[in-house]
Peer 1: 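Okay, handing you the structure first.
On a predicted model such as this, the values are computed, not experimentally measured, just so you know. Chain identifiers are assigned alphabetically (A, B, ...) following the order of the sequence lines, protein sequences preceding nucleic acid strands; residue numbering begins at 1 within each chain.
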2 protein chains.
Amino acid sequence: MAVTQSAESRYTKPVLVAINKPLDEEDGLEALRSHALFRSLKAHDLDYLIQQSRRLRLGHHQLLYRQDMPAHHFFFVISGRLRLYRLDSSGIDRTLDSIAPGDCFAEVMIYADPPRYACYAEALKSSEVLMIPVKAYQDLLDRHPEYAQAALRHYAMRAVTRFHDLEIMTVQNARDRLIRYLIDLLPNGALEGGEVELPLPKCLVASRLAMQPETFSRILADLKSNGLVRVNRSKLFISDPQRLIEISQ
Amino acid sequence: MAVTQSAESRYTKPVLVAINKPLDEEDGLEALRSHALFRSLKAHDLDYLIQQSRRLRLGHHQLLYRQDMPAHHFFFVISGRLRLYRLDSSGIDRTLDSIAPGDCFAEVMIYADPPRYACYAEALKSSEVLMIPVKAYQDLLDRHPEYAQAALRHYAMRAVTRFHDLEIMTVQNARDRLIRYLIDLLPNGALEGGEVELPLPKCLVASRLAMQPETFSRILADLKSNGLVRVNRSKLFISDPQRLIEISQ
DNA sequence: GCGAATAATTGAGTTAAGTCAACTACTCAA
DNA sequence: TTGAGTAGTTGACTTAACTCAATTATTCGC
């Protein structure tokens with residue numbers, strides 16, 4: 001079984017102890033300025049938002065928030081990598097997303113009522129995130145309605161991405177789900193091959209695709225033996241995505 | 001197999017022949033005025049949008065748009081019911097969503113680049129939809145940035161809903177996915193039981209939940225024989241949702 | 001209201017994927 | 001550098017879900 005420990009286990013260190021760095025430090029925030037949610041903000045408004053925010057360092061496997069916790073903040077990943085997951089009552093852990101540097105997450109909670117996190121978030125390796133108060137961002141939007149336009153585009157694209165994720169999951173067999181997942185990792189729409197890096201350890205990719213790690217391993221071994229992918233740790237080389245697409249379906 | 005015909009078959013009538021009703025007709029548009037995307041609009045702005053739109057009548061199984069078609073419009077359901085689905089190259093049809101009167105769909109395409117429909121849309125019964133030009137809506141937002149606030153809320157909630165749909169699909173067994181789906185159909189958070197109506201024919205609920213119709217039928221028969229649901233056509237009576245939740249997981 | 005078409009159910013047999021277990025290969029921290 | 005703890009792989013076996021087929025219900029257009 002993938003990762004079946006409860007949120008209290010070592011896998012997710014129990015307490016969020018944020019290490020604040022001085023607020024005025026800029027390193028790592030360049031990407032923030034070019035993010036869809038923020039790039040239209042005037043410099044002093046973005047500075048205000050950053051001042052209202054806290055910089056957090058998270059250790060490997062450290063828990064950032066729990067599902068159902070009141071959501072007073074949303075987050076921007078400065079460095080490292082996080083994953084979003086849910087725990088059900090039997091302790092099964094289902095991975096829903098992985099978040100890379102330059103991405104925001106939990107930003108949709110700004111408009112939820114009541115605002116509660118829909119899942120757990122934990123660092124997959126040591127990471128740094130900016131913790132942005134929902135209220136500060138909302139105030140900014142209230143004062144500057146014109147900022148909502150750029151945010152709108154971001155939210156619409158988020159909904160499109162989630163729809164696409166859902167679409168993959170309606171594929172009924174594990175092999176084809178995995179193939180679809182790999183194709184989506186390729187840049188430029190799978191027109192040409194290339195090397196992709198799995199954004200999660202294999203056992204968590206398996207969880208994300210609703211299959212057991214053993215099944216994931218066997219499918220990948222099979223694709224490998226058919227010359228469809230070459231595997232090097234978490235890096236996969238796909239020479240002919242079209243052939244991969246053909247054998248699925 | 002659920003519905004495996006191609007889009008050209010009788011199941012999805014090939015040509016969209018819209019029957020326009022006079023633009024000034026108001027009946028059925030009350031719900032539009034209270035929709036999150038439109039309720040903050042001043043009356044004359046909404047009237048303008050309606051004037052720019054066309055009212056379409058769709059027959060049973062009639063196709064509204066195809067995946068990958070350029071998306072110049074989005075839609076509001078006045079009456080009837082539609083479903084969103086995708087077709088893959090082997091002709092397998094995977095249902096992704098059903099849309100009820102009072103709902104919008106394809107509205108996220110406003111911000112896609114290039115704007116193309118991500119799936120097929122067809123009427124599940126004879127239906128009436130309002131076909132809203134993306135450009136008209138965008139112009140309205142450009143002229144009135146304050147309207148973006150309400151739209152933002154709608155888009156954020158859409159993303160939350162899609163995330164939740166994705167979450168169900170990461171449940172690894174068919175029975176528990178079905179139970180989760182039923183629980184979500186219940187109003188007031190499954191605190192009390194009640195009757196729910198399947199928003200899709202059973203074979204399409206099965207498709208939506210990535211299982212075969214036979215599997216759906218067998219699971220439902222089993223739940224029925226255990227006294228967990230009573231089934232009457234597309235209406236299900238769930239007396240004790242907590243017990244249903246307990247047996248899942 | 002009739003009849004054809006589609007949807008739903010049920011049974012029997014098959015297969016994909018899960019489970020359990022053993023083992024190997026990493027990773028990370030002391 | 002080492003060793004403990006995870007992650008990943010592989011084999012053997014089991015089971016949930018799929019497939020195919022037959023039958024019964026239901027729906028919808030005429």
Peer 1: Taking the side chain of Ala174(A) as heavy atoms from C-beta outward, which of dA17(C), dT10(D), dA7(D) is closest to it?
Peer 2: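 Of dA17(C), dT10(D), dA7(D), dA17(C) is nearest to the side chain of Ala174(A).
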
Peer 1: Given dT9(C), dA17(D), dT10(D), which nucleotide is nearest the side-chain atoms of Ser217(B)?
Peer 2: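 The answer is dT9(C), which lies nearest to the side chain.
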
Peer 1: Provide the closest heavy-atom pair for Asp184(B) versus His164(B) in the form atom of the first, atom of the second, distance.
Peer 2: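 Taking every non-hydrogen atom into account, OD2-CE1, 2.7 Å.
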
Peer 1: Please state how far atom CG in Asn173(A) lies from atom C1' in dT14(C), giving the value in whole angstrom units.
Peer 2: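 Those two atoms, CG and C1', are 16 Å apart.
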
Peer 1: Using whole Å, what does the distance between atom P of nucleotide dT15(C) and atom CD of Gln172(A) come to?
Peer 2: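 Checked: the CD to P distance equals 17 Å.
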
Peer 1: Tell me which nucleotide among dA21(C), dA8(C), dT9(C) gets nearest to the side chain of Glu214(A).
Peer 2: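 It is dA21(C).
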
Peer 1: Measure from CG on Leu200(B) to P on dT27(D) and round the result to the nearest Å.
Peer 2: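 Distance check: Leu200(B) CG to dT27(D) P gives 15 Å.
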
Peer 1: Give the nucleotide from the list dC28(D), dT19(C), dA8(C) with an atom nearest to the side chain of Gln212(A).
Peer 2: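 Selected nucleotide (nearest to the side chain): dT19(C).
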
Peer 1: Tell me which nucleotide among dA17(D), dC28(D), dG8(D) gets nearest to the side chain of Thr215(B).
Peer 2: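 For the Thr215(B) side chain, the nearest candidate turns out to be dA17(D).
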
Peer 1: Measure from CD on Gln62(B) to P on dC28(D) and round the result to the nearest Å.
Peer 2: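 Taking CD of Gln62(B) and P of dC28(D), I get 16 Å after rounding.
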
Peer 1: Heavy atoms from C-beta onward define the side chain here; which of dT19(D), dA16(D), dG8(D) lies closest to that of Arg218(B)?
Peer 2: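 Nucleotide nearest to Arg218(B)'s side chain: dT19(D).
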
Peer 1: Quick check against the 3.5 Å criterion: does Arg177(A) have a side-chain atom that pairs as donor or acceptor with the backbone of Val171(A)?
Peer 2: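 Yes, Arg177(A) side chain to Val171(A) backbone: donor-acceptor pair under 3.5 Å.
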
Peer 1: Leu223(B) has an atom CG; how far is it from atom C1' of dA8(C), in whole Å?
Peer 2: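 Taking atom C1' of dA8(C) as the reference, CG of Leu223(B) is at 16 Å.
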
Peer 1: What is the distance, rounded to the nearest whole Å, between atom CG of Leu220(A) and atom P of dA17(C)?
Peer 2: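 That distance rounds to 14 Å.
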
Peer 1: Can you tell if the side chain of Cys119(B) reaches within under 4.5 Å of the side chain of Tyr85(B), non-hydrogen atoms only?
Peer 2: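 They are not in contact (no side-chain heavy atoms under 4.5 Å apart), so the answer is no.
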
Peer 1: Once the angle between the rings of Tyr117(B) and Tyr65(B) is folded into 0 to 90°, is it parallel (under 30°), tilted (30 to 60°) or perpendicular (over 60°)?
Peer 2: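 Answer is parallel, since the angle falls under 30°.
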
Peer 1: With a 4.0 Å cut-off on N to O distance, would you call Arg180(A) and Asp88(B) a salt bridge?
Peer 2: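 Salt bridge: no.
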
Peer 1: Heavy atoms from C-beta onward define the side chain here; which of dG8(D), dT9(C), dT10(C) lies closest to that of Lys202(A)?
Peer 2: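 Of all the options, the side chain of Lys202(A) is nearest to dG8(D).
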
Peer 1: Where the side chain of Arg233(A) is defined as all heavy atoms beyond and including C-beta, which of dC26(C), dG18(C), dT10(C) is the nearest nucleotide?
Peer 2: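 When the side chain of Arg233(A) is considered, dC26(C) is the closest of dC26(C), dG18(C), dT10(C).
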
Peer 1: Between Val231(A) and Ala210(B), name the one whose nearest nucleotide on DNA chain D is closer to the 5' end.
Peer 2: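 By nearest-heavy-atom nucleotide position, the 5'-most residue is Val231(A).
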
Peer 1: How close or far is atom C1' of dA16(C) from atom CD1 of Ile219(A), stated in whole angstroms?
Peer 2: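 Between C1' of dA16(C) and CD1 of Ile219(A): 9 Å.
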
Peer 1: If you assign Phe216(A) and Lys224(B) each to the DNA chain C nucleotide with the nearest heavy atom, which residue ends up on the more 5' nucleotide?
Peer 2: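 It is Lys224(B) whose nearest nucleotide is closer to the 5' end.
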
Peer 1: In whole angstroms, how far is the P atom of dG5(D) from the NE2 atom of His60(A)?
Peer 2: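 To the nearest whole Å, that distance equals 16 Å.
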
